[in-house]
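Please read the structure below before turning to the comments.
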Amino acid sequence: MRTMENRHFIRTIIEEDLRNKKHDVPVTRFPPEPNGFLHLGHARAIVMNHSLAKEYGGRFHLRFDDTNPVTEDALFVEGMKADIAWLGCHWDALYFASDYFETMYQRAMVLVKKGKAYVCDLTPEAIKETRGDLKNPGENSPYRERSIAENVRLFEGMRRGEYADGARVLRAKIDMASPNMNMRDPIIYRIQRGHHHNTGDAWCIYPMYDFAHPLEDAIEGITHSLCSLEFEDHRPLYDWFVKHCEMENIPRQIEFGKLLIANQITGKRHIRRLVEAGHVDGWDDPRLITLSGLRRRGVPPQAIHQFIKALGLPKSQGETDITMFYETVRDYLGLHARRVHAIINPVKVVITNYPEGQTETLDAPFHRDDETLGSRPVPFGRELYIERDDFIEHKPNKKWKRLALGEEVRLMHAYFIKAHDVIKDDQGIIQAIHCTYDKATRSGSGFNDRKPNGTIHFVEASHATPIEIRLFDELLKRDVDPDAPIETRIDPQSKRVVHGYLEAHATPHQGEAFQFTRLGYFAVDKDSDDQNIIVNRVVELKSSYKPKPGQK
RNA sequence: UGGGCUAUGGCCAAGUGGUUAAGGCAUCGGACUUUGACUCCGACAUCGGUGGUUCGAAUCCACCUAGCCCAGCCA
C-alpha cells in the first residue's frame with residue numbers, strides 16, 4: 001500500500017493538456033470559504049490540488065473565497081492556513097477573493113453594458129416564485145428589459161449604497177426557461193451591508209459564488225479548477241461568465257467525487273452543537289476528523305497524504321470506511337515511529353532472585369528495522385510492571401504466548417523470566433507475580449538454548465514515569481440508526497482515561513507519534529506539561545490474536 | 001419524457017474493444033518473528049439488469065433499474 005497510488009482521470013486530462021501545449025504548467029487552487037474548520041474530506045482537495053500542480057512543475061494557490069461577510073471570519077483564515085501548512089501543502093501564492101472586488105465589479109459592468117445583465121427590483125420572494133421549479137420553466141422578470149443606461153445607473157447606485165439591503169440585485173440575462181436551474185437569470189450581486197474581515201466597509205454589494213468563482217480562477221490564471229460533483233451543473237454558467245466577461249485566461253472546471261468518510265461528523269452545525277454541549281472537547285477533539293483533531297490526536301500528515309493518494313480521485317461518489325484511514329496511519333507509523341515501552345494496565349512483577357535496591361541499564365533500539373532512529377537505555381531491576389493481560393495463572397492452551405505460572409517468557413530487550421507464584425488481595429485480585437530471571441538470557445547475548453513462551457514488554461518500576469493515557473474509539477456507535485439525532489449516537493466509551501507507566505528514557509516529543517510496543521501508537525497531547533504527561537492513543541496495533549470466548 | 005451525474009468482489013479503486021478484469025483495505029490459510037506488529041507466501045469478481053452490434057465488450061448501441069445533485073439575495 002505504501003507506494004500505491006491510483007491513477008485518475010484528472011491526471012490524464014492534465015497530461016493531455018500539457019502534451020498539447022495548452023498550458024506550460026498546471027496552476028491549481030484550493031478555494032475554501034473561511035467559515036469553519038477543515039476536515040479529512042477537505043484533505044482530498046488540498047492534497048490533490050497541491051500535488052497535481054507540484055508534480056508537473058506548476059503552481060498551487062491558496063485562495064480564500066470570502067465573498068460573504070456575514071458568515072466569514074479572519075479567525076477561520078488563520079485556522080485553515082495552519083491546517084494546510086501542517087499538511088505540508090505549501091502554497092505558491094495566497095489570495096483573497098476580496099482582493100478582486102474592484103475587478104469583479106468592472107467585469108459585471110461589462111456584462112451590464114453588453115446587455116447581458118440587468119438590475120432586478122423583485123423581492124426575494126418574487127424571485128423565488130418566478131424562478132419556476134424543476135418541472136416548470138420560470139418567467140421573465142418585469143425588469144429584464146430595462147435599458148442599458150438605466151442598468152448602468154442603478155448598478156452604480158447599488159455600489160454607492162443608495163438602496164437598502166435586498167432591495168435590488170444584479171442578474172445575468174440568460175434563460176428563464178433553461179432546464180438547468182442555474183441558468184435562470186442567476187443573481188450576480190446582492191446588496192448586503194456587513195463588516196468584511198478583509199475589506200471592512202468598503203463594499204455594500206458582494207458577488208455571488210457562481211459569478212465570483214470563475215473570475216477568480218481566470219484572474220489567477222488557474223488552468224484546472226477542481227471542485228466537487230455538486231457543481232457539475234454550474235459548469236455551463238462558469239463557462240458563460242468567463243466568456244462574456246471577456247476573461248483572458250480560460251480555466252477549466254473539472255468535478256470529482258468528494259471524500260466521504262462513513263459514520264463521521266463533518267458538518268459545522270453538528271460539530272458546533274457537540275462542542276457547545278460538551279460532548280466533545282473542542283473542534284480539535286481527537287475523535288473528530290477535523291484536521292486539527294487529527295493533528296492533536298497524533299496522526300502524521302504524511303499518513304494523510306498516503307491515504308488520499310491511495311484512494312485516488314474518482315468521479316463516482318463512494319463512502320470510505322474510517323478503518324481504512326487507520327490502517328494507513330498504522331502503515332506509515334509502522335515504518336517511522338520510535339518504539340518505546342509503556343504499560344497501560346499494570347500489574348507488578350517481582351524478580352525474587354534479583355538483588356534488592358539494585359538496577360542495571362540495558363540498551364534497546366528505538367526501531368528494530370531502522371537503526372537511524374538510534375537506541376535508548378532501558379532500566380531493569382527487581383520490580384517491574386507488565387500488562388495485566390500478559391499474565392494468566394494457568395496457561396489455557398499452547399497458543400498462549402505470554403506469561404503463566406511455570407512458564408518462561410522473554411522480556412523484550414532484557415531477560416527471560418519464569419513465573420512461580422502470585423500474591424492476591426482479599427478480592428482475589430493479583431497484586432504481584434513472583435518470578436525469577438535467568439542472567440544468561442540477557443538480550444543480545446546470543447543465548448539460544450531455550451525458546452521462551454513468547455515475548456512481552458515491561459517497565460522497571462522505580463524509574464517508571466506515571467502517565468495519563470487517553471484511549472479513543474469511534475465517537476459514534478455503529479449499531480444504531482444513522483438517522484437518529486447525533487447526541488443519541490455518541491458512544492460514551494469513545495474516550496477512556498487510564499493511568500499507566502512509561503519507561504524512563506522515552507523522551508517523547510510533543511506531537512510525535514511513537515509506538516508503545518505491542519499496544520499501539522500514541523502521541524503527547526497538548527494538555528500535557530512537565531508534571532503530567534498525557535498521551536493520546538492514535539491507533540491500536542493490529543492483532544491476529546483471537547482469544548476464545550470466556551478467555552482473555 | 002425537467003436537467004446533470006454515477007453504477008466493477010464486504011469497502012476503496014484501475015480499466016476507454018482483444019492475454020487468466022490492476023492494486024490497496026478487509027477476510028481466510030500458512031511461513032517467519034526479541035512487538036500475537038512488521039515482512040513473506042497462498043486463497044478470494046465475469047464488471048447494476050436485459051437485449052443488441054462485433055470473430056471478440058466491463059469497455060460501443062438501446063431499453064430498464066438503483067443512487068446522488070439542482071428550485072439560497074450560501075459556497
* Asked: What nucleotide among A26(B), A75(B), U35(B) has an atom nearest to a side-chain atom of Arg339(A)?
  -> U35(B)
* Lys542(A) side-chain N/O to C38(B) phosphate OP1/OP2 under 4.0 Å -> yes
* To do: Take atom P in C60(B) and the same atom in C25(B), then report the distance between them in whole Å.
  => 31 Å
* **Position toward the 5' end of RNA chain B (nearest nucleotide), Asp66(A) or Glu319(A)** => Glu319(A)
* Structure fact -> Checking N1-N3 plus N6-O4 or O6-N4 for Watson-Crick, or N1-O2 and O6-N3 for wobble, each under 3.5 Å, the partner of G42(B) is C28(B)
* Structure fact -> Testing U6(B), G4(B), C73(B) for proximity to the side chain of Lys315(A), the answer is U6(B)
* Asked: With sugar-phosphate meaning primed atoms plus P, OP1 and OP2, does Gln515(A) contact a base, only sugar-phosphate, or nothing at under 4.0 Å between heavy atoms?
  -> base
* Asked: Checking all strands, does Pro314(A) fall into the base, sugar-phosphate, or nothing category for heavy-atom contacts under 4.0 angstrom?
  -> sugar-phosphate
* Asked: Reckon Thr441(A) touches a base, only the sugar-phosphate, or nothing at all at heavy-atom distances under 4.0 Å?
  -> nothing
* **Nucleotide nearest Met181(A) (side chain, heavy atoms from C-beta), chosen from G36(B), U6(B), G2(B)** => G2(B)
* Asked: Does A62(B) have a Watson-Crick or wobble mate here (both distances under 3.5 Å), and if so which one?
  -> U50(B)
* Asked: With a non-hydrogen cut-off below 4.0 angstrom, is Gly312(A) in contact with a base, only sugar-phosphate, or nothing?
  -> nothing
* Asked: Quick one: is Lys128(A) getting a side-chain N or O under 4.0 Å of the C73(B) phosphate, OP1 or OP2?
  -> no
* To do: Describe the nucleic acid contact of Tyr206(A) in one word from base, sugar-phosphate, nothing, applying a heavy-atom distance below 4.0 Å.
  => nothing
* Structure fact -> The single option from Asn182(A), Asp217(A), Asp210(A) that satisfies side chain to side chain donor-acceptor pair (under 3.5 Å) with Tyr238(A) is Asp217(A)
* Asked: With respect to the phosphate group of A13(B), does any side-chain polar atom (N or O) of Arg7(A) fall under 4.0 Å of OP1 or OP2?
  -> no
* Structure fact -> Of the candidates A37(B), A14(B), C70(B), the side chain of Asp233(A) sits closest to C70(B)
* **Nucleotide forming a Watson-Crick or wobble pair with C68(B), both distances under 3.5 Å** => G4(B)
* Ignoring hydrogens and angles, tell me if any N or O in the side chain of Asp66(A) forms a donor-acceptor pair with the backbone of Ala97(A) under 3.5 Å. => yes
* With heavy atoms under 4.0 Å as the rule, sort Thr71(A) into base, sugar-phosphate or nothing. => nothing
* To do: Ignoring backbone atoms, establish whether Arg131(A) has a side-chain N or O less than 4.0 Å from OP1 or OP2 of G72(B).
  => yes
* side-chain N/O Arg368(A) vs U34(B) OP1/OP2, d < 4.0 Å -> no
* Do the side-chain N or O atoms of Ser544(A) get closer than 4.0 angstrom to the phosphate oxygens (OP1, OP2) of A37(B)? -> yes
* Note, His213(A) side chain near Asp65(A) side chain (heavy atom, < 4.5 Å) -> yes
* Asked: Thr67(A) side chain N/O closer than 4.0 Å to the phosphate oxygens (OP1, OP2) of A75(B)?
  -> yes
* **Nearest-nucleotide pick for Tyr209(A), side chain only, options being G36(B), A75(B), A71(B)** => A75(B)
* Looking at every strand, decide which applies to Ile187(A) at a 4.0 Å heavy-atom threshold: base, sugar-phosphate, or nothing. => base
* Asked: So, do Tyr189(A) and Phe211(A) have ring centers that fall under 6.0 Å from each other?
  -> yes
* To do: Name the nucleic acid region contacted by Gly444(A), choosing base, sugar-phosphate or nothing; use a 4.0 angstrom heavy-atom cut-off, strictly under.
  => base
* Structure fact -> By the Watson-Crick or G-U definition, both distances under 3.5 Å, U34(B) is matched with none
* Asked: Roughly how many Å is it from CZ in Phe9(A) to P in C5(B), rounded to a whole number?
  -> 13 Å
* To do: Report which part of the nucleic acid His234(A) touches: base, sugar-phosphate, or nothing (heavy-atom distance under 4.0 Å, all strands).
  => base
